[in-house]
Amino acid sequence: MTRVFFDVGMSLDGFVAGPNGGPKNPLGDGGTTIHQWMFKQRAFLQLLKLGDGGDADNPDNDLIEETFNRTGAYIMGRRMFDEGEPNWPEDAPFRSPVFVVTHQRRDPWERKGGTTFFFTSATIQDTLQKATQAARNKDVRISGGADIIQQYLNAGLVDEFTIHVAPLMLRNGVRLFKRLGEGTINIEGVGAMHSPLVVHLKYRVVK
Ligand SMILES: NC(=O)c1ccc[n+]([C@@H]2O[C@H](COP(=O)([O-])OP(=O)(O)OC[C@H]3O[C@@H](n4cnc5c(N)ncnc54)[C@H](OP(=O)(O)O)[C@@H]3O)[C@@H](O)[C@H]2O)c1
């Protein structure tokens, strides 16, 4: 059965990006440090076409591979798309359909290597339905940013999530959980793992 999940890097004080982010400043001021652990992993470098360096024989690398392999479709906010797209290789690192939520109209955009970006202003429920169909029994990843992740969490549509906590205080920027709605969201810890550059925390949403 298709699971809906998100998987993001976050500073210890709760930010997924620093301030002043944009296409020329991906992840904002100081924000790339959140992903420092990923830039040491071969799976990540290969996905971004940054060569065959990095370490392939460690649990951090396995985690990146597992997350990529389980995903059959992605849902992404327009700000993440605008910021990421000029910095991703032409052979974009998704290799699956990506549904970009936006109020701007735009035709689908097919990239080399299996990624097609579909731009949609449908309800988040309808977008999830399309992504689930497109995922063909694999999982749907809500890629981010914070805005779209919170909408899916608030709507009770997220099944599980992983947060990679980086040893860094950003103090300012895009806060992951700034606009959660009223009431409690019950979650259950599923696992925790750490390496020198990051702590991985896995949760399941209790429904
Ligand atoms: N640390 C990590 O792992 C990680 C992961 C992902 C992203 N990020 C960072 O997060 C930042 C972006 O996050 P963000 O919270 O500012 O924005 P976001 O979620 O990426 O995008 C928000 C935009 O998506 C569109 N949108 C949202 N909900 C919609 C809906 N229901 N219907 C139609 N359109 C909708 C709107 O675009 P329009 O204005 O076009 O309508 C809105 O302005 C970036 O800096 C990115 O690098 C970090």
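Note that this is a predicted model, so its numbers are computed, not measured. All ligand and atom numbering here is 1-based and tracks the order in the structure. All heavy atoms count here, side chains included; hydrogens, waters and symmetry mates do not.
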Anything under 30° is parallel, anything over 60° is perpendicular, the rest tilted; go ahead and classify Trp88 against Phe117. parallel

For the rings on Trp37 and His200, is their centre-to-centre separation under 6.0 Å? yes

So, is the end of the Arg141 side chain (NZ or CZ) under 6.0 Å from the ring centre of Phe161 and within 45° of the ring's axis? no

Let's go through Tyr74 and Phe99 carefully: what are the C-alpha distance in whole Å and the side-chain angles of both, what is the deciding distance for ring-ring contact (aromatic ring centres under 6.0 Å, His included) to 0.1 Å, and is it a yes or a no? CA-CA 6 Å; Tyr74 296 79; Phe99 294 85; over 10 Å; no

Is a donor on one side and an acceptor on the other found under 3.5 Å between the side chain of Thr116 and the backbone of Glu110? no

Starting from Ile124, can I reach Leu176 by hopping between I/L/V/M/F/W/Y residues whose side chains sit under 4.5 Å apart? yes

Just to be sure I understand the cut-off, which residues have at least one non-hydrogen atom under 4.0 angstrom from an atom of ligand 1? Val8, Gly9, Val16, Ala17, Leu27, His35, Gly77, Arg78, Arg79, Met80, Glu83, Val101, Thr102, His103, Gln104, Ile124, Ser143, Gly144, Gly145, Ala146, Asp147, Ile148, Gln151, Val174

